[in-house]
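Inspection log for the structure reproduced underneath, given as structure tokens.
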Amino acid sequence: MEQHKLTIDMNEATIEQLRDHHFALFGLHAVATSASGAPTIWLSVHYIERHLEVSWQETYSMFTTRNITMAPSTKVVATHNYPAPLGSVLTVAGNDGAGIVTPGGPAGHMEIDNTGRMELGAGLCIHDTHGMYQPIGIFDLIDVDLFQPVQKMAFFFSPIPHMAGEVVTRSLGPGVLLDYSMARNHALSIEYDLHHGWSVENRPYAKAIAANEPLNPTLIVRSTALQALAMQRQRTTSR
């Protein structure tokens, strides 16, 4: 369980504009997977300060849902949610998505096995700033899905109200992708200006995201290695 921290520094003019127009900060978390799916809003911060500090724990759970929807702006609601460490396997037997968590999955990954006959939705949740599990994406669960959290997060300021768990397939405005694998002590800092955007220059851990940019290629890493491993695990579990 690792605490991550983001510090955003802003000038007074930016703060005034953000507050006057009711902006909030929204975050989305990257994941590598064998499944097809869409990213969802994972984190939201509705207080705006000149020296804005945001922190969260990289604490994971696996969820299933009977309501499979990947349409933009729809909200993913977990039917069942199972906190578990990396390397865990969630075996789903019931048609409602209920299952049992056991060890024995691939190291550093989370595995969800659908042994029932009902097609479900599934994915990972990660703690937000309030310590609440929030989904980072919604994925088809047909047989075996494998997930590996990727230490990259996208952040956006937006005046439009959004909810945690909301499907977002395009950026909410000019954003920034931060690579926490390059962070010292899991902490990164950056500046934001309403007119000039995010200060990504000379920051190898930061990459600008254009307004209306598709987010699936950035946040959903479809891994051929994980797809092959999922097929192998499927054959193993079906014996």
Side-chain angles (χ1 to χ4, degrees), residues 1-6 8 25-45 54-63 70 72 76 78 84-87 106-112 121-129 132-141 145-158 162 164-183 186-188 190 198 200 203-227 229-230:
M1 186 169 60
E2 300 170 343
Q3 183 169 9
H4 286 53
K5 181 179 178 181
L6 169 62
I8 305 173
L25 177 71
F26 299 98
L28 294 93
H29 200 296
V31 62
T33 179
S34 62
S36 60
T40 56
I41 291 176
W42 143 72
L43 175 151
S44 61
V45 175
V54 182
S55 61
W56 66 92
Q57 297 278 358
E58 283 284 309
T59 306
Y60 307 114
S61 68
M62 294 176 281
F63 78 90
M70 297 184 188
V76 174
L86 293 175
H109 297 71
M110 306 286 261
E111 178 178 331
I112 306 179
L124 296 189
C125 292
I126 298 179
H127 271 176
D128 64 7
T129 57
M132 302 291 292
Y133 284 107
Q134 302 292 355
I136 63 172
I138 175 68
F139 301 87
D140 292 321
L141 178 61
D145 283 358
L146 290 174
F147 301 96
Q148 182 180 32
V150 174
Q151 292 300 297
K152 293 182 179 180
M153 298 85 178
F155 293 95
F156 307 89
F157 282 108
S158 175
H162 295 284
E166 181 180 330
V167 177
V168 176
T169 57
R170 290 186 175 271
S171 65
L172 306 177
V176 65
L177 181 70
L178 299 178
D179 186 349
Y180 271 81
S181 68
M182 303 176 69
H186 310 295
L188 292 176
I190 197 166
W198 300 87
V200 299
R203 287 178 169 82
Y205 55 81
K207 178 183 177 183
I209 300 175
N212 206 39
E213 181 177 323
L215 291 178
N216 275 48
T218 300
L219 297 173
I220 307 296
V221 182
R222 290 298 304 280
S223 168
T224 55
L226 287 186
Q227 289 173 332
L229 181 57

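Among residues two or more places apart in sequence or in another chain, the ring-ring contact (aromatic ring centres under 6.0 Å, His included) test is passed with Phe63 by none. Applying the side chain to side chain contact (heavy atoms under 4.5 Å, CB included) test to His186 and every residue at least two apart in sequence or in another chain returns Glu2, His4. In this structure, the side chain to side chain contact (heavy atoms under 4.5 Å, CB included) partners of Arg222, at least two apart in sequence or on a different chain, are Thr33, Ser36, Ile220, Gln227. Scored by the side chain to side chain contact (heavy atoms under 4.5 Å, CB included) test, Ala32 finds Gln148, Val150, Val221, Leu226 as partners (sequence neighbours excluded). For Pro174, the side chain to side chain contact (heavy atoms under 4.5 Å, CB included) partners two or more places apart in sequence, or in a different chain, are Ala211. Evaluation of the ring-ring contact (aromatic ring centres under 6.0 Å, His included) rule for Phe157 yields Tyr192, Trp198 as partners, not counting sequence neighbours.
In this structure, Ser171 contributes its side chain and Asn212 its backbone to a donor-acceptor pair below 3.5 Å. Without hydrogens or angle criteria, Thr59 side chain to His127 main chain gives no donor-acceptor distance under 3.5 Å. Asn216 contributes a side-chain N or O that, together with a main-chain N or O of Gly37, makes up a donor-acceptor pair within less than 3.5 Å.
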Test side chain to side chain contact (heavy atoms under 4.5 Å, CB included) on Met70 and Asp140 and set out the steps.
CA-CA 10 Å; Met70 297 184 188; Asp140 292 321; 3.4 Å; yes

Go through the steps for Leu28 and Thr218 under the test side chain to side chain contact (heavy atoms under 4.5 Å, CB included), then give the verdict.
CA-CA 10 Å; Leu28 294 93; Thr218 300; over 6 Å; no

Could you go through Glu58 and Ile126, starting from their C-alpha distance and side-chain angles, then the distance that decides it, and tell me whether this counts as side chain to side chain contact (heavy atoms under 4.5 Å, CB included)?
CA-CA 6 Å; Glu58 283 284 309; Ile126 298 179; 4.1 Å; yes

Side chain to side chain contact (heavy atoms under 4.5 Å, CB included) for Phe155 and Ile209? Distances and angles first, verdict last.
CA-CA 9 Å; Phe155 293 95; Ile209 300 175; over 6 Å; no

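If you take CG on Leu6 and CD1 on Ile190, they are separated by 8.0 Å, rounding to the nearest 0.5 Å. Between the CD atom in Gln134 and the OG1 atom in Thr129 there is a gap of 9.0 Å [rounded to 0.5 Å].
Ring pair Phe147/His109: centre-to-centre distance not below 6.0 Å.
In the displayed structure, Met132 atom CE is contacted under 6.0 Å by at most 12 heavy atoms of other residues, nucleotides or ligands.
Closest heavy-atom contact between Gly121 and Ile138: CA-CD1, 4.0 Å.
Checking each of Tyr133, Trp56, Phe26 against Trp42 for a side-chain contact (heavy atoms from CB on, under 4.5 Å) leaves exactly one that passes, namely Trp56.
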